[in-house]
A.B. asks: 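Below is the structure I would like to discuss, written out as structure tokens.
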Amino acid sequence: MARDARLSILTAQEVGDLYGLPRFTEDDRRLHFDLSPVELDLVHGVYTISVAVHLVLQLGYFKAKRQFFVFEPEAVTDDVEHILRRYFPDRRLAEINVLSKPTRLEQQKIILKLFDYRICDAAAKIDLEQKSRRVAMLSTQPIFILREVLQYLVHQRVVVPGYTYMQSMVGQAVSGERLRITRLLGRALTPEVERQLEALLDADEGMYRISLLKHEPKDFSYGELRQEVERRKFFQPLFEFGQTFLASAGLSNESVKYYASLVQFYTVYKLQRMAAPTVRLYLLCFAAHRFRQINDNLIEAFIHL
């Protein structure tokens, strides 16, 4: 996947919560390092104390996060000491060494089989990418897509792939859905609607029209409401076109809101430098969403007055 397709979806703390090594309290250790009879037989069936302790560690961490981790024993000293006290009271911390990669991978296979899980191999990634594209048709918000595919992985009993892969996959789902819609919009646009969308980024007496149309009424005064009515008149033709097009294109309300929010997020300068088909889509969604907001504002004003 292309590096430029990666989105900043989670904060550093959220990435750590999702992918970081579990940090157990003593209660957590009692729960996650509690071995079933089958697990206990597996642990006592290995040849060295290091392999046995690492197997208990990986079992506990997998129960907590359904993932595998690479770590030095010094990084999990409290967990190792708990395991030694509980299962190997006559052994010492100094005896626990780092596992070789083949042994670590063999333990992963054992755990996957025990919990009926599988790694996210090439076939699983194809399924996951198809799922992300279907989810993107419901909402193109990256965090929504990520949460849905994470839940899908749990349901399919698949270990979560790395974050950079997930970033790229979500980014491609978002850009793919946007490309699908912009192509449809390009075929559906009339010259009049195209002119009205482009007019949103025109400047009038030093103020961009889109900046004026973003304005929310300060109160229910006559002057503010009259301006809101004028904004409604401007947006109405775009709303009417958008109602038909967005429904026929299968764009969800959540996606409309998301694309509309990008007009609020980006400056006019940045919007003017984006690809024209993308900006038209954002502006159309903004017009449709803003028209509904204006209607709500006017209804509230009439109720108040």
A.B. asks: Could R92 and E95 be called an ion pair, given the rule that one side-chain N must be under 4.0 Å from one carboxylate O?
C.D. replies: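 No salt bridge links R92 with E95.
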A.B. asks: Any side-chain heavy-atom pair from L262 and L271 closer than 4.5 angstrom?
C.D. replies: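 No, too far: nothing below the 4.5 Å cut-off.
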A.B. asks: Under 4.5 Å between side-chain heavy atoms, chaining through other members, with only Ile, Leu, Val, Met, Phe, Trp and Tyr counted: pull out the rest of the cluster around V70, sorted by chain and number.
C.D. replies: none
A.B. asks: Would E39 and K63 pass as an ion pair if we require N to O under 4.0 Å?
C.D. replies: yes
A.B. asks: Using the side chain to side chain donor-acceptor pair (under 3.5 Å) criterion, which residues pair with R232? Sequence neighbours excluded.
C.D. replies: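 Result, side chain to side chain donor-acceptor pair (under 3.5 Å) vs R232: Q236, N295.
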A.B. asks: How are the rings of F291 and F239 set relative to one another: parallel (under 30°), tilted (30 to 60°) or perpendicular (over 60°)?
C.D. replies: parallel
A.B. asks: Do F302 and V229 sit in the same hydrophobic cluster, where Ile, Leu, Val, Met, Phe, Trp and Tyr count as joined when their side-chain heavy atoms come under 4.5 Å apart?
C.D. replies: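 F302 and V229: one cluster.
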A.B. asks: So do the side chains of T103 and H54 get within less than 4.5 Å of each other, counting heavy atoms only?
C.D. replies: no
A.B. asks: Could you give the distance from CG (L251) to CG (L281), rounded to the nearest 0.5 Å?
C.D. replies: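 Atom-to-atom, L251:CG and L281:CG are 6.5 Å apart.
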A.B. asks: Specify the closest pair of heavy atoms between P161 and K125, including all atoms of both residues, with the distance to one decimal.
C.D. replies: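 Closest pair (atom of P161, atom of K125, distance): CB-CE, 4.5 Å.
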A.B. asks: Which residues pass the side-chain contact (heavy atoms from CB on, under 4.5 Å) test with R180, sequence neighbours left out?
C.D. replies: M137, E177, L184
A.B. asks: Please round to the nearest 0.5 Å and tell me the distance separating atom CG of L31 and atom CG of D27.
C.D. replies: 9.0 Å
A.B. asks: So do the side chains of P73 and V98 get within less than 4.5 Å of each other, counting heavy atoms only?
C.D. replies: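 Yes, close enough: below the 4.5 Å cut-off.
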A.B. asks: With a 4.5 Å cut-off on side-chain heavy-atom distances among I, L, V, M, F, W and Y, is there a chain of contacts connecting L112 to L105?
C.D. replies: no
A.B. asks: Under a single-linkage definition using a 4.5 Å side-chain heavy-atom cutoff for Ile, Leu, Val, Met, Phe, Trp and Tyr, are V154 and V15 assigned to the same hydrophobic cluster?
C.D. replies: no
A.B. asks: Between R86 and D34 (salt bridge meaning N to carboxylate O under 4.0 Å), is one present in this structure?
C.D. replies: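 Looking at D34 together with R86, the answer is yes, because their closest N to O distance falls below 4.0 Å.
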A.B. asks: Of the non-hydrogen atoms in C285 and A260, which two are nearest, and what is the gap between them?
C.D. replies: O-CB, 3.7 Å
A.B. asks: Taking the side chain as every heavy atom from C-beta outward, state whether Q141 and E254 have any pair of such atoms under 4.5 Å apart.
C.D. replies: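 Yes; the side chains approach each other to less than 4.5 Å.
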A.B. asks: Working note: Y19 + V160, criterion side chain to side chain contact (heavy atoms under 4.5 Å, CB included); need CA distance, chi angles, decisive distance, verdict.
C.D. replies: CA-CA 9 Å; Y19 287 96; V160 177; 3.3 Å; yes
A.B. asks: Which atom pair, heavy atoms only, marks the closest approach of I145 to V135?
C.D. replies: CA-CG1, 3.8 Å
A.B. asks: Are H44 and F88 an aromatic pair by the rule of ring centers under 6.0 Å?
C.D. replies: yes
A.B. asks: Working to the nearest 0.5 Å, report the span between CZ of R292 and NZ of K257.
C.D. replies: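 One finds 9.0 Å between CZ of R292 and NZ of K257.
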A.B. asks: Roughly how far apart are H289 NE2 and N253 CG, rounded to 0.5 Å?
C.D. replies: 10.0 Å
A.B. asks: Quick one: closest heavy-atom pair of S139 and F144, and the distance?
C.D. replies: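 The answer is CB-CD2, 3.4 Å.
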A.B. asks: Do I303 and L225 sit in the same hydrophobic cluster, where Ile, Leu, Val, Met, Phe, Trp and Tyr count as joined when their side-chain heavy atoms come under 4.5 Å apart?
C.D. replies: no
A.B. asks: Got Y259 and L283 here, is their nearest side-chain heavy-atom distance under 4.5 Å?
C.D. replies: no
A.B. asks: C120 versus V159: any side-chain heavy-atom pair under 4.5 Å?
C.D. replies: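 A side-chain contact under 4.5 Å is absent here.
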A.B. asks: Do any N or O atoms from the side chain of Y87 and from the backbone of L35 form a donor-acceptor pair under 3.5 angstrom?
C.D. replies: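 Yes, because the side chain of Y87 sits within donor-acceptor range (under 3.5 Å) of the backbone of L35.
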A.B. asks: Specify the closest pair of heavy atoms between T140 and S255, including all atoms of both residues, with the distance to one decimal.
C.D. replies: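 The answer is N-OG, 3.3 Å.
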A.B. asks: Only pairs at least two apart or in different chains count here, so list each side-chain hydrogen bond (donor to acceptor under 3.5 Å, both in side chains) that has a residue in residues 143-158.
C.D. replies: none
A.B. asks: Answer yes if M169 and I126 sit in the same cluster of Ile, Leu, Val, Met, Phe, Trp and Tyr residues linked by side chain heavy atoms under 4.5 Å apart, and no otherwise.
C.D. replies: no
A.B. asks: Could you give the distance from CD (E198) to CZ (R195), rounded to the nearest 0.5 Å?
C.D. replies: 9.5 Å
A.B. asks: Tell me, do R30 and F24 make a side-chain contact under 4.5 Å, heavy atoms counted?
C.D. replies: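 No, their side chains stay 4.5 Å or more apart.
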A.B. asks: Is the distance from the ring center of F71 to that of Y61 below 6.0 Å?
C.D. replies: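 Yes.
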A.B. asks: Residues in salt bridge (Lys or Arg N to Asp or Glu O under 4.0 Å) with E194, at least two apart?
C.D. replies: R280
A.B. asks: Is R91 salt-bridged to E81, cutoff N-O under 4.0 Å?
C.D. replies: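 No, this pair does not count.
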A.B. asks: For the residue pair N97 and S50, what are the closest heavy atoms and their distance?
C.D. replies: N-OG, 2.8 Å
A.B. asks: If you draw a 6.0 Å radius around CZ in R118, do more than 12 non-hydrogen atoms from other residues or ligands fall strictly inside?
C.D. replies: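 Yes - once you tally the heavy atoms of other residues, nucleotides and ligands closer than 6.0 Å, there are more than 12.
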A.B. asks: Measure the shortest side-chain to side-chain distance between Y282 and M274 over non-hydrogen atoms and say whether it is less than 4.5 angstrom.
C.D. replies: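 Heavy-atom side-chain distance check passes, below 4.5 Å.
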A.B. asks: How long is the span from the CZ atom in F235 to the CD atom in Q293, to the nearest 0.5 Å?
C.D. replies: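 Here the rounded value is 9.5 Å.
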A.B. asks: Are R29 and E26 ion-paired here, with the side-chain N under 4.0 Å from a carboxylate O?
C.D. replies: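 Looking at E26 together with R29, the answer is yes, because their closest N to O distance falls below 4.0 Å.
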A.B. asks: Sequence neighbours left out, what passes ring-ring contact (aromatic ring centres under 6.0 Å, His included) with F62? Give chain and number order.
C.D. replies: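 Here the qualifying residues are F68, F115, Y117.
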